[in-house]
Each structure stands twice: as C-alpha cells, then as structure tokens.
Protein chains: 4
Amino acid sequence: MLFDIEPNSPVPIYEQIVAQVTFGIASGALEVGMLIPSVRELAPMVLAHPNTVARAYQELERSGVIATRRGKGMEVTAAAPQLCRAKRQEIVRDRIRLALREAASSQLSPEEIRKLVDEELSRVNGTNRSREKR
Amino acid sequence: MLFDIEPNSPVPIYEQIVAQVTFGIASGALEVGMLIPSVRELAPMVLAHPNTVARAYQELERSGVIATRRGKGMEVTAAAPQLCRAKRQEIVRDRIRLALREAASSQLSPEEIRKLVDEELSRVNGTNRSREKR
Amino acid sequence: MLFDIEPNSPVPIYEQIVAQVTFGIASGALEVGMLIPSVRELAPMVLAHPNTVARAYQELERSGVIATRRGKGMEVTAAAPQLCRAKRQEIVRDRIRLALREAASSQLSPEEIRKLVDEELSRVNGTNRSREKR
Amino acid sequence: MLFDIEPNSPVPIYEQIVAQVTFGIASGALEVGMLIPSVRELAPMVLAHPNTVARAYQELERSGVIATRRGKGMEVTAAAPQLCRAKRQEIVRDRIRLALREAASSQLSPEEIRKLVDEELSRVNGTNRSREKR
DNA sequence: GTGGTCTAGACCACG
DNA sequence: GTGGTCTAGACCACC
C-alpha cells in the first residue's frame, strides 16, 4: 500500500492521509480486520509528524472506518469498505469539480480546458502504467 | 467582471482573489491602464475583509501585474496581460493535475475517472452555457 | 529655486516640500517678503497633487515661516530666515544621523561605512558641480 | 542578536525588521540552518505586534532568505548569507545616499555637510565603542 | 475617495 | 509550541 501525499497541495496533510487510507480500504488494499500501519510506522512513510498521522487516524476512527485494538493497533472495521467506496467517489468527484469550476472561471475556452484535462489525464495514466511495470 | 470565490476551498481566499484578477487580466476583462476595483469595493463583492483583499492586491503588485496610483487605486500594468496569460494556464493546469493525481491514487480505474471528469466537465460547461443565455 | 523631491523616499512628499522651502529660505533663494510659488504653480514642478502642496504650505504657515497675503499668495515672513537656518541644520543632521545609525547597526565595519559615505559624498558634490556649470 | 528599531522613523517597522534580519545574516550573527526568533518571541523585543513581525518574515521568506520549518519556526537558508551581504550594502548605501542628497539640496556648503557627517560618524562609532566596552 | 501600516485577537494546521 | 489566515478597525499619506 502506497501513500501518495502532496506536501505542496493546499489540502492539509492530515486530510490527505485520511483520503489515502479511505482509498486503500475502498480498493481492497486494506482489508477488513487488517491492522493498518501504526502512527510511528506511517509517519516517516508520508514524511509527516506522528501527531499529524495520529490526527488523521483519530478522524478515521470517529467516522467508524477504523477501530482501536488495544495493545495491537488500529484495525479496519467491517463497515469500512462500504463507507469508503462511497467516500472515495465523493472525494475524487469534489476535487475534480473544484478544479474544473476554477478552470471555467478562468475564461479559458471549453476546448482549451478539455485539452489541458486530456494532457493531464494521459500523464497520470502514463505515470500509473510505468509504476505498474516496476 | 465577476469574482468567483469558493469560501470552503482549502485555497486561501487571498490566493483565490489573486487567481481571479489574473484570470480577468488574461481574458481581457481587465484592460491595461484600467483601475481594478478598489479594496473597499471588492471586499463586499467577495464577502471578505478589506484587509484580505489588500493582501491579494499587494501580492499582485509584487509580481508586477498591477501598480499603485497613489490616491486613485490600482492600475493594470502594460506587462500584465502577458504575465497573466502564462500564469492562468499554470494555475488551471496545476489545479487539474493535483485533482487527477489524487484521482489516480484512489485506485479508481481510468475509465471511472474519465467518466467522472466528463460528467463534471459537461456540468461546468452547462453552467457556462446557461449563464450565457441569461 | 529648484525643488528636489524624492518620490521613492519613505519620507512623505509633503514633508519633503516643507524641507525644500525651508532650505530655500535658509539659503536666501527665497527672500523675506517674496511671494513663494502658488500651490497650482508648484504642484506640477514637484509632480505632486495640489492638495499635497497645500498641506505643506499649511504646515509652513503654522510654523510662522510663510504668511498668506490675501489675493496675492504666500509670502516669506521676516522671522523666517532665522527659523529656517536652525531648522535646516536640524533636518539635515537628523536625516544623516538616522542613516548612520542604521549603517552602524548593520555590523559593517566603521571603515566600510566611511568608504560608503565618502563615495556618496563625492557623488552628490559631483552632481552639484555639474549642475552649477549649467 | 540585537534588533535596532526606530519607531519614529518614516521607514515602516516591518521594513526595519527585514533590514535587521538581513544585517544579522550578513554579519553572521544569524547562521545558516539556525532558527530565527519566532514571531511571538520577536514581537515584544521590537515593541511591535506579532502580525507586524509576521509580515516582515513573510517578506524575507519570499526573497528566499528564510524558510518555514512547519511547526518549528523559520530557518536561515543556505543561499541567505550571499543574498544578505549584497542586500546589506544596498540598504545602507541607499539610505546614506538619500540623506546626503537631501543635505546637498539644502544648500549647505560641502564643508558644512562634511562636518555634520563627521560629527555623526564619530558619534555612532563612539556609541559602538562604548557598547563594546560594556 | 484611495492604498499602506499597524494593532488586536480569533481560529487553524502542523509538530 | 510554530507560522498562516482571516476579521476588525484604527490612523496616516496622498489625491
């Protein structure tokens, strides 16, 4: 399970962590009952402070997606996959919508926007493909 | 000239104002030599404090896009259109790229992402079209 | 009588005008009983707004250096030369003191400061000489 | 590291803070990688509001002299010493030049100006010496 | 009327 | 604890 964090995004890091865990559960990379990486394990992986990770986990726990197993760690709940699949769609769609609303407000023509979108879309797909090869 | 500000975006309001003015100059809605709305005029239009607007203007001045006419207001510089057209492309592209990178990291399939993008794209275009009809 | 105004100085323009008139009286360029340039005459000479000039004159009148001759203009008072010679010394000395205090706080060595001062001193003298030749 | 701020100067306090930090880096009092005083620490030291200090730091960050260490403070960048040594010279020279230009425009003779300068120069040097003795 | 500066204090994100 | 953002409102310089 990779965590793709964008430090220069205006989106707070703890929210990005929440999103990444949500994506992991939605995609099945993190399965029900599985222990997710501990705060101390994840912090260096995402180049963040342990407190920042802890805050993300706290939020995930509050929304019922993970639960504390005392002395063991945090575990993916049974209800998580369903919650996370819906949430994933919502997060991705919202972010895309905001970006496109801004693009529309820039007075670039629909054609230019479409061109930009296509360029970036093939770029991320390209990136994914090359990653899959490794 | 409309100012499209998203108060719930993680992007700071003053940066959104910077972007909107940049878009206005890039699109020609704000012309060289023209006085842009005063701090006190714009603040209620974007539902922000005059100081927040002033900070945005300060940043635009620093980048050479507008210049202070003492006692009169802020004027669009001759160099602004060129600077702003480049900057517009950069802002829009960056925002789209971030949204699509996140989408890619969500493990949604390229097809699903494309579908979401198309839905949102037609939605903003639709919004524009309906605006134009009014 | 020349008016040497520095628009990029942090010193307000109206204070610079006050200083320049003071200097003119101290040096004898503006004599007792002489009418000084009207607000409307001076404004374009110093590239300032008439109100700014008016404010400077108001301040000079308050300090007894010039007086209104109704229907004629502003006149240099009998008491002015003495007042202005003292004031000139004070203005010049204060400005030099502030600049040198800042230089001292920069941790440049006294030798370096002395060198900077000498360079600038010969520059302004050189400037004056070339002006005198015209 | 002392911060020498002149509240009655026409130079804005935040610019004076920028200058003082620049001087500190140029002189080596603030070293690369070192955390500079926090906004909340410096504010009472210079008798200014934390926001005024923050504005100065923001400007220093913009010019690449300091960088934010999230949650820790502001750090002197590797590029800073070179930038600041050049900037220091420029700041000091500009301020001296403006003071001497004004002196020249006062019609005081070069000899009188030189005398004033020497008096003030020995005064600040004297101040420094007496400080060093303490 | 304009923008520029400063003080003041709130809240947030992050460590 | 740190800096970043925002609101709020004062005063100033200039037009």
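Below, chain A is the first sequence line, B the second, and so on; all start at residue 1.
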Taking the nucleotide of DNA chain F with the nearest heavy atom to each, does T52(C) or G73(D) sit closer to the 5' end? G73(D)
Between the base of dG1(F) and the side chain of R40(D), is there a donor-acceptor distance below 3.5 Å? no
Heavy-atom donor-acceptor pair, T77(D) side chain to V65(D) backbone, under 3.5 Å: yes
Calculate, to the nearest 0.5 Å, the distance between atoms CD and CD belonging to Q20(C) and Q16(C) respectively. 7.5 Å
Assign each of V11(B) and R70(B) the nucleotide of DNA chain F bearing its closest heavy atom; nearer the 5' end lies the nucleotide of V11(B)
Can you tell me the Watson-Crick or wobble partner of dT7(E), both distances under 3.5 angstrom? dA8(F)
Starting at CG of N51(D) and ending at P of dA10(F), how long is that distance when rounded to a whole Å? 17 Å
Looking for any heavy atom pair under 4.0 Å, which part of the strands does I36(B) touch: base, sugar-phosphate only, or nothing? nothing
Nearest of dT5(F), dC14(E), dT2(E) to any side-chain atom of P12(A)? dC14(E)
Smallest separation among heavy atoms of S105(D) and D4(C), with atom names: CB-OD2, 3.7 Å
What is the distance, rounded to the nearest whole Å, between atom CD of Q16(C) and atom P of dA13(F)? 13 Å
Whole-Å gap separating C1' (dC6(E)) and CD1 (I5(D)): 14 Å
Length of the CZ-P vector between R55(B) and dT5(E), whole Å: 14 Å
Could you give the CG-to-P distance, from L42(A) to dC14(E), as a whole number of Å? 14 Å
Whole Å only: how far is the OH atom of Y14(B) from the P atom of dG3(E)? 20 Å
Would R55(B) pass as a cation-pi partner of Y14(B), given that its NZ or CZ must be under 6.0 Å from the six-membered ring centre and within 45 degrees of the axis? yes
Distance, rounded to the nearest Å, where Q58(D) contributes CD and dC6(E) contributes P: 13 Å
If you look at every strand shown and take non-hydrogen atoms under 4.0 Å, does T68(D) touch a base, only sugar-phosphate, or nothing? sugar-phosphate
Residue A48(C), side-chain heavy atoms: nucleotide from dG3(F), dC15(F), dC14(F) that is nearest: dC15(F)
Counting any heavy atom closer than 4.0 Å, what does E61(D) reach on the DNA or RNA strands: base, sugar-phosphate only, or nothing? sugar-phosphate
Taking for H49(D) and for H49(A) the nucleotide of DNA chain E with the nearest heavy atom, the one nearer the 5' end belongs to H49(D)
Using purine N1 to pyrimidine N3 plus N6-O4 or O6-N4 for Watson-Crick, or N1-O2 and O6-N3 for G-U wobble, each under 3.5 Å, what pairs with dC14(F)? dG1(E)
Criterion salt bridge (charged side-chain N to carboxylate O under 4.0 Å, His left out) on E90(B) and K87(B), from CA distance to verdict: CA-CA 5 Å; E90(B) 185 188 323; K87(B) 194 71 186 161; 3.3 Å; yes
How do Y57(B) and K72(D) order along DNA chain E: which one's closest nucleotide is nearer the 5' end? Y57(B)
Within this structure, what is the CD1-to-P distance between I13(B) and dT5(F), rounded to whole angstrom? 11 Å
